[in-house]
Amino acid sequence: MMGITGETVRVRFAPSPTGHLHIGGARTALFNWLFARHSKGVFILRIEDTDRTRSTEEYIDSILEGLGWLKLDWAEGPYRQTDRYDIYRKYADTLLKEGKAYHCYCTPEELEERRREAFSQEKSPKYDGRCRTLKKPPPGRKAAVRFRMPQEGQVCVDDLIKGRTVFDNALLDDLIILRSDGTPTYNFTVVVDDVDMNITHVIRGDDHLNNTPKQIHIYDALGYKIPFFAHLPMILGPDKTRLSKRHGATSVLAYKDMGYLPDALVNYLVRLGWSHGDQEIFSRDELIEYFTLENVGKSSAVFNPEKLLWLNGQYMIKSTAGELAQLVIPFLMREKIISEGDIPDKEWLSRAVATLKERSRTLTELAHLLKYYITDYVEYENKAKEKFLNEKNLENLIESKRLLEGMEAFIAPEIEKVFKSHIEERNIKLGHIAQPLRVALTGRTESPGIFDVIEIIGREKVLKRLDRAIETIRGSAYRSEVQREKE
RNA sequence: GGUCCCAUCGUCUAGUGGCCUAGGACAUGGCCCUCUCAAGGCUAAAACACGGGUUCGAAUCCCGUUGGGACCGCCA
């Protein structure tokens, strides 16, 4: 399919590697990716690493890894702006030659001083243009190159999301396009690259909306057609300021480590600012099919970890036990529940996971629950032990053990049959038997259905755990006996 | 200080002048299911920031007010 102009849609995600891929960046990437996929266009990755002091290789790797984890693949790139200095210089030279840019000899210190001055007088900190008309360079200074902004008239930004916004040219700054060391700056490189890479739609955060009029003038000066712009609203923290590290985990890979599923994160992120009627859960294909910029909202959205957790739980339920069993292994190792040389049987693990996946909202939670199926030594939760592993339930547990010992097939339906007829005979409720048993086997008062638990833990371990529970009761009974005698 | 953006339940949102007594989802409370916990089902409470217009009719269009946010770098 073609874009509105009839050409193939080309969009880009252009992160600067000065940090990990964060939630906001990931959503920008996602919307670009979705837009490209929806319109059968091309998604390009470009690394904006012109800030040499803050950009690192580690961050580039981390961003790539984050995008890979979210399965946002790119058709071109990653391009690197630091590989493209020649191109920017060439364009800058042209502008200089045509008088559309000029040398500026003010030092960063001087500019900083003037800016502070302007702020303290509550005036606009705009560059005063003193080098605009300079006849000859002052001696002993290195020049930066500034873009000559038009000083009168207006520019319109026709934004696909925000609509039309009009800016007065008089308020626009003569921005620096080449630093005094000859390296290019952001507002210049974006335009040159977007032109050079034939970007048709610039989809980015609305923190760039104010940059757009300046960039439009650079397009004009370069003699190029301006692309479509779509400025996405910001993602906010609970205090309604732009989401940042102080709001907690913002790195995409941190969510991976916390046991979130990439599809769930993607689904959550897309619903921040975009909707399709009342639908909450979307497959990738549905997203691609339904996604349009018209349905992107104008207002910023507060990031809500609770809803993400819920969504992740939904994706856990939707995943197959086999998939989850595979995914949970690294978490089991990290939590020291298993070791590298002792990975549980895949089929067994899948059965165990099947009983737990609707009880865990993340892979981390799943790993923790899996612990009582795997471990050799169950830890009793204090309250659970007090309430159920006591003399009152001693006979009860001995009875359960007897029942289980006599069992031929150690599978849930058989176990259930035996226990059900047992409680019928005695005219007691299942809970009466199940709860002490549950604590004896898992150490806690909540778990999947008791018959499944018994089957999965398996005959040998079940009987051992029952023995230990019985011993525990007897032991503490003995202890309290001794205690009484002492008194 | 200047410029710009934004405004529906606590949060994400539906809503494109009459289908709105404002719908869905998360979170919260209650009930059902039930061996516990989940999951699931039902249910309750919860919002059109305010003020003016326009119109037969406004959450929806216009203006203003208020509130919030972003940007104003030889950062991106």
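Lettering follows sequence order; numbering is per chain, from 1.
- Note that CG of A:Leu175 and NZ of A:Lys126 are 11.0 Å apart. Values are rounded to the nearest 0.5 Å.
- Residue-level contact check: A:Gln314 touches the backbone only, with heavy atoms under 4.0 Å from sugar-phosphate atoms and none from bases.
- Ring pair A:Tyr79/A:Trp74: centre-to-centre distance not below 6.0 Å.
- Less than 4.0 Å separates RNA chain B from at least one heavy atom of each of the following residues of residues 430-439 of chain A: A:Leu430, A:Gly431, A:Ala434, A:Gln435, A:Arg438.
- A gap of 39 Å separates the C1' atoms of B:A44 and B:C62, to the nearest Å.
- Considering only side-chain atoms of A:Leu171, the nucleotide from B:G2, B:C4, B:C6 that sits closest is B:G2.
- Sorted by first and then second residue, the side chain to side chain donor-acceptor pair (under 3.5 Å) pairs involving residues 306-319 of chain A (not counting sequence neighbours) are A:Asn267-A:Tyr315, A:Glu280-A:Lys307.
- Legend: side chain to side chain donor-acceptor pair (under 3.5 Å) pairs involving residues 22-31 of chain A, not counting sequence neighbours: none detected.
- Closest to the side chain of A:Phe451, from the set B:C5, B:C35, B:C37, is B:C35.
- There is a side-chain donor-acceptor pair under 3.5 Å between A:Asp239 and A:His247.
- Residue pairs meeting the salt bridge (charged side-chain N to carboxylate O under 4.0 Å, His left out) criterion with at least one partner in residues 173-190 of chain A, sequence neighbours excluded, are A:Arg132-A:Asp174.
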Heavy-atom protein contacts under 4.0 Å, nucleotides 21-27 of chain B, coded B base, S sugar-phosphate only, - none
--BBBSS

Under 4.0 Å protein heavy-atom contact, by nucleotide of nucleotides 62-76 of chain B - B base, S sugar-phosphate only:
-------SBSBSBBB

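- A:Gly297 comes within 4.0 angstrom of nothing in the nucleic acid, heavy atoms only.
- Residue A:Pro238 is out of contact with every strand shown, counting any heavy-atom pair closer than 4.0 Å.
- A:Arg146 forms a cation-pi arrangement with A:Tyr127, by the criterion of a distance under 6.0 Å to the ring centre and an angle within 45° of the ring axis.
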